[in-house]
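To start, the structure itself, in structure tokens.
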Amino acid sequence: MSSNIVSNFTKLNDILLEDRTFFKKHQFETISFRNDDKFLAELADKIESSAENTKLPEMYQDGYFSPLGKNLRGLVETLTARVERAGTYDVSNYVLLTQLVNAALQSSTKNDAYRAVRSLQGFVDDLYKSFTELLRTKVGRKSLDHKIPPLVSFVDYIPLEISNLPPMPGTLELEQLRDLVGELGDDFAAGVVCLPPGYKDRPLLWGIMGHEVMGHYVLTADREDKWLTNLEEAIYQMIKREYPNDVDDQLAALWQFWAEEAASDVCSVLSFGPCAAIGAVSFYTALMPLSNWSKDSKLKAVYQGEENTHPINVLIPALMCGAIDGLDKLSKKSQYISELLDIGTACTEATTVERIEIVDFGLGARVWDPFRKQPPVNLERFMSLKVLQDSAFKVGRFIVTEKFTKLGCPLGSLLSWEDKDQDTANAVARLLPTDLSLTNLDKLGKWEKRHLIAGGLITVMREPALYHSVNEALKRFLSKLN
């Protein structure tokens with residue numbers, strides 16, 4: 001085992017787990033939405049004022065501020081009605097409403113969140129524009145549903161009567177918005193990515209945008225989710241071919257159900273390289289328990305149920321290893337895969353390692369197709385963990401290398417991490433410990449913001465004690481760029 005890499009990951013994980021300010025309450029304003037005229041009029045005035053005081057490009061006036069202001073009452077009524085359905089609160093819809101409004105309010109130069117939002121928005125703009133440019137040059141595709149980059153917003157704890165847990169990172173896609181609110185969503189040209197407050201001061205963790213923006217937002221960038229549907233069906237058919245005798249169609253149905261989240265994880269590797277895979281593991285072993293959404297800091301072989309579209313988290317290392325293996329222009333893949341598997345083993349719940357042969361899905365478990373158009377598939381109680389991990393690796397590689405009909409090319413040819421990207425990130429990692437101001441960055445040659453994040457992560461994986469100083473250095477530097 002690569003004891004050094006595992007030891008350093010553990011130290012870094014411990015630093016994250018000790019960061020009690022990450023999910024601290026009241027870092028941003030919490031809105032208690034109401035359907036009364038006074039509240040809606042005041043909120044509309046705030047949105048109009050934000051539109052007048054934003055430095056966002058003009059396209060967001062027609063593509064975001066205008067439809068939000070015009071349809072505010074209907075959006076609040078529709079989404080709060082969903083929240084309060086059947087006498088219970090739907091937390092996700094309240095978060096979606098909050099991120100819709102916060103994206104407008106926090107973009108104002110007069111808002112307390114503006115400086116943090118401006119820096120992150122510039123980062124997201126660069127990521128998404130790099131995708132649309134490659135799509136135009138390699139595929140010739142110009143018309144997209146997601147015509148412009150998503151806005152970003154920070155969402156604090158939502159009102160206590162709805163939930164006492166912080167919202168986690170999430171993306172509101174336009175097709176999703178229209179499904180929720182109908183024609184009220186027709187005029188929006190941009191979706192929204194929301195993050196919990198702690199991300200504002202920790203750019204080392206902005207690799208999450210590889211999952212949210214380059215994953216969810218890119219995969220649903222066309223109208224009616226045709227790319228995503230094509231990807232889900234292709235994964236289903238691939239697993240059926242590879243495992244024709246394995247529990248009938250259950251394994252294929254599981255991976256079809258998990259496809260969007262799995263592909264979004266893979267897109268983070270395509271955007272930030274192998275270090276994104278380590279970040280994905282730390283999301284489950286540090287940020288989830290820190291938020292209290294999870295009770296422990298180990299990867300577990302536990303099925304989260306038919307409402308949770310994320311793969312079982314013990315499969316994440318294998319999924320990411322498959323993605324890395326699919327990077328045909330990246331050398332030293334075997335080294336990165338070996339290190340990630342060592343980290344995954346060290347982070348796996350002990351009882352899971354001892355019972356490596358099976359995953360207990362529980363009695364009555366079932367899985368739906370992603371759009372719930374077909375009856376659910378009932379799952380056998382037990383499945384082989386080895387088969388699940390093996391299939392996770394194949395799915396990760398398949399998503400990178402397969403040419404998807406609707407997209408017109410493999411994802412790995414639009415979003416890519418090559419030797420030149422890894423070399424740049426490594427050069428940043430060599431520079432940071434002695435030049436936190438990044439004074440000599442331009443001497444490295446051509447670089448992108450994603451290389452800075454990857455280089456920062458490589459730095460702290462080598463020297464975990466530098467975590468806070470590297471975060472602060474990247475925060476200052478990225479702020480100057482916008």
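Atoms considered below: every heavy atom in the structure, side chains included; atoms not considered: hydrogens, waters and symmetry mates.
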Treating [X] as the side-chain partner and [Y] as the backbone partner, does any N or O pair qualify as donor plus acceptor under 3.5 Å?
{"X": "Thr137", "Y": "Leu134", "answer": "yes"}
{"X": "Trp206", "Y": "Leu120", "answer": "no"}
{"X": "Gln121", "Y": "Val152", "answer": "yes"}
{"X": "Lys138", "Y": "Ser413", "answer": "yes"}
{"X": "Glu175", "Y": "Thr220", "answer": "no"}
{"X": "Asp222", "Y": "Lys226", "answer": "yes"}
{"X": "Thr401", "Y": "Arg397", "answer": "yes"}
{"X": "Trp368", "Y": "Pro376", "answer": "no"}
{"X": "Thr345", "Y": "Leu341", "answer": "yes"}
{"X": "Thr78", "Y": "Leu75", "answer": "no"}

Within a strict 4.5 Å, meaning less than it, do heavy atoms of the [X] and [Y] side chains meet?
{"X": "Glu260", "Y": "Thr309", "result": "no"}
{"X": "Leu270", "Y": "Leu327", "result": "yes"}
{"X": "Gln304", "Y": "Ile312", "result": "yes"}
{"X": "Phe123", "Y": "Ile453", "result": "yes"}
{"X": "Tyr60", "Y": "Thr54", "result": "no"}
{"X": "Lys300", "Y": "Thr348", "result": "no"}
{"X": "Leu79", "Y": "Val181", "result": "yes"}
{"X": "Glu261", "Y": "His211", "result": "yes"}

Quiz item: Do the ring centers of Tyr128 and Tyr217 come within less than 6.0 Å of each other?
Solution: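 Under 6.0 Å, so yes.
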
Practice problem: Could you tell me if the ring centre of Phe188 sits under 6.0 Å from that of Tyr64? | Solution: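 Aromatic pair counts; centres sit under 6.0 Å.
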
Rounded to the nearest 0.5 Å, how far apart are [atom1] of [X] and [atom2] of [Y]?
{"X": "Ile316", "Y": "Asp265", "atom1": "CD1", "atom2": "CG", "result": "4.5 Å"}
{"X": "Gln106", "Y": "Arg118", "atom1": "CD", "atom2": "CZ", "result": "14.5 Å"}
{"X": "Glu233", "Y": "Gln256", "atom1": "CD", "atom2": "CD", "result": "6.0 Å"}
{"X": "Tyr284", "Y": "Leu299", "atom1": "OH", "atom2": "CG", "result": "9.0 Å"}
{"X": "Met320", "Y": "Ile343", "atom1": "CE", "atom2": "CD1", "result": "12.0 Å"}
{"X": "Leu319", "Y": "Leu388", "atom1": "CG", "atom2": "CG", "result": "12.0 Å"}

Exercise. Starting from the C-alpha separation in whole Å, work towards a yes-or-no answer on side chain to side chain contact (heavy atoms under 4.5 Å, CB included) for Phe361 and Glu380.
Key: CA-CA 7 Å; Phe361 280 77; Glu380 296 286 341; over 6 Å; no

Which atom of [X] lies closest to which atom of [Y], heavy atoms considered:
{"X": "Asp325", "Y": "Lys333", "value": "O-NZ, 3.0 Å"}
{"X": "Leu231", "Y": "Leu219", "value": "CD1-CD2, 4.2 Å"}
{"X": "Tyr236", "Y": "Ala252", "value": "CD1-O, 3.4 Å"}
{"X": "Cys267", "Y": "Leu415", "value": "SG-CD1, 3.8 Å"}
{"X": "Ser130", "Y": "Met214", "value": "OG-CE, 4.0 Å"}
{"X": "Ile148", "Y": "Ala189", "value": "CG1-O, 3.5 Å"}

Does [X] pair with [Y] as a salt bridge, N-O distance under 4.0 Å?
{"X": "Asp390", "Y": "Lys394", "answer": "yes"}
{"X": "Lys70", "Y": "Asp187", "answer": "yes"}
{"X": "Lys329", "Y": "Asp421", "answer": "no"}
{"X": "Asp126", "Y": "Arg450", "answer": "no"}

Practice problem: List the steps, then state whether side chain to side chain contact (heavy atoms under 4.5 Å, CB included) holds for Leu411 with Val400. | Solution: CA-CA 5 Å; Leu411 264 176; Val400 174; over 6 Å; no

Quiz prompt | Criterion side chain to side chain contact (heavy atoms under 4.5 Å, CB included) against Trp258, the qualifying member of Leu315, Val395, Ile235 | solution =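 The passing option is Leu315.
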
Under 3.5 Å side-chain donor-acceptor pair for [X] and [Y]:
{"X": "Asn308", "Y": "Tyr303", "value": "no"}
{"X": "Thr171", "Y": "Glu212", "value": "yes"}
{"X": "Ser391", "Y": "Trp255", "value": "yes"}

Practice problem: Go through Gln422 and Glu418 one step at a time and tell me if the side chain to side chain donor-acceptor pair (under 3.5 Å) criterion holds. | Solution: CA-CA 6 Å; Gln422 191 66 35; Glu418 304 174 0; over 6 Å; no

Quiz item: Leu340 and Val281: side chain to side chain contact (heavy atoms under 4.5 Å, CB included), yes or no, with the steps?
Solution: CA-CA 9 Å; Leu340 181 57; Val281 174; 4.1 Å; yes

Quiz prompt | Pair Trp227-Phe404, ring-ring contact (aromatic ring centres under 6.0 Å, His included): steps then yes or no | solution = CA-CA 8 Å; Trp227 291 350; Phe404 296 105; over 10 Å; no

Practice problem: Start with the C-alpha distance between Lys449 and Leu478, add both sets of side-chain angles, then the distance that settles side chain to side chain contact (heavy atoms under 4.5 Å, CB included), and finish with yes or no. | Solution: CA-CA 8 Å; Lys449 292 176 185 175; Leu478 290 168; 4.0 Å; yes

Quiz item: Name the one of Asn313, Asp296, Asn13 that satisfies side chain to side chain donor-acceptor pair (under 3.5 Å) with Thr285?
Solution: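 Of Asn313, Asp296, Asn13, side chain to side chain donor-acceptor pair (under 3.5 Å) with Thr285 is met by Asn13 alone.
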
